[in-house]
Amino acid sequence: MTLPKDVLGTASTLNRALGLGYSVVKELPSSPDLDEAYRRAKAWFGGPLSDGVYLLRVALRHSLGVEVQPQLVPHQATSPCQSVSMEPGGR
């Protein structure tokens, strides 16, 4: 399958984000603060990662000509994920 450069870039970035998500889930049981770890994981999967999947869908549809005018709607401003970092010790 041949992908346009922008779709390939989006897919590559999303793949790295999914890899990070997998690492986060693997480390959950050994976290010293399980409630905080689960909250941060839920915020990551429900916010930035979900947005990345949506962006990939839009990019694919646009490249196929199904959606000529993509409507990119950012995640709601009230989402807790905007201030959450998945880096160790991040907030």
Side-chain angles (χ1 to χ4, degrees):
M1 177 179 197
T2 303
L3 294 173
K5 192 174 185 176
D6 59 338
V7 176
L8 185 59
T10 303
S12 177
T13 300
L14 183 59
N15 185 51
R16 287 191 302 273
L18 287 167
L20 175 63
Y22 177 73
S23 296
V24 167
V25 170
K26 276 182 35 180
E27 297 297 321
L28 282 175
S30 63
S31 176
D33 184 358
L34 281 177
D35 289 336
E36 177 65 13
Y38 279 102
R39 185 194 69 76
R40 291 175 65 200
K42 184 176 179 180
W44 171 251
F45 283 97
L49 196 59
S50 177
D51 291 346
V53 170
Y54 178 75
L55 180 60
L56 180 58
R57 285 182 53 217
V58 169
L60 284 166
R61 291 176 60 87
H62 183 69
S63 74
L64 293 170
V66 176
E67 189 172 315
V68 180
Q69 295 282 336
Q71 296 180 8
L72 300 177
V73 180
H75 205 71
Q76 294 181 359
T78 57
S79 171
C81 66
Q82 291 183 355
S83 62
V84 174
S85 168
M86 294 309 289
E87 296 299 317
R91 287 266 172 206

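Values reported hereafter were calculated over all heavy atoms of this structure, with side chains retained and with hydrogens, waters and symmetry mates removed. What you are looking at is a predicted structure, and each value in this text was computed from that prediction instead of being measured.
Among all heavy-atom pairs drawn from P48 and A43, the shortest one is CD-O, 3.5 Å.
In this structure, the side chain of S23 engages the main chain of G19 through a donor-acceptor pair within 3.5 Å.
Through side-chain heavy atoms spaced under 4.5 Å, either directly or across other Ile, Leu, Val, Met, Phe, Trp or Tyr residues, Y38 is tied to L28, L34.
Residues satisfying the side chain to side chain donor-acceptor pair (under 3.5 Å) test with S12, not counting sequence neighbours, are R16. In this structure, the side chain to side chain contact (heavy atoms under 4.5 Å, CB included) partners of L56, at least two apart in sequence or on a different chain, are V7, T10, A11, L14, L60. Under the side chain to side chain contact (heavy atoms under 4.5 Å, CB included) criterion, D35 pairs with D33, sequence neighbours left out.
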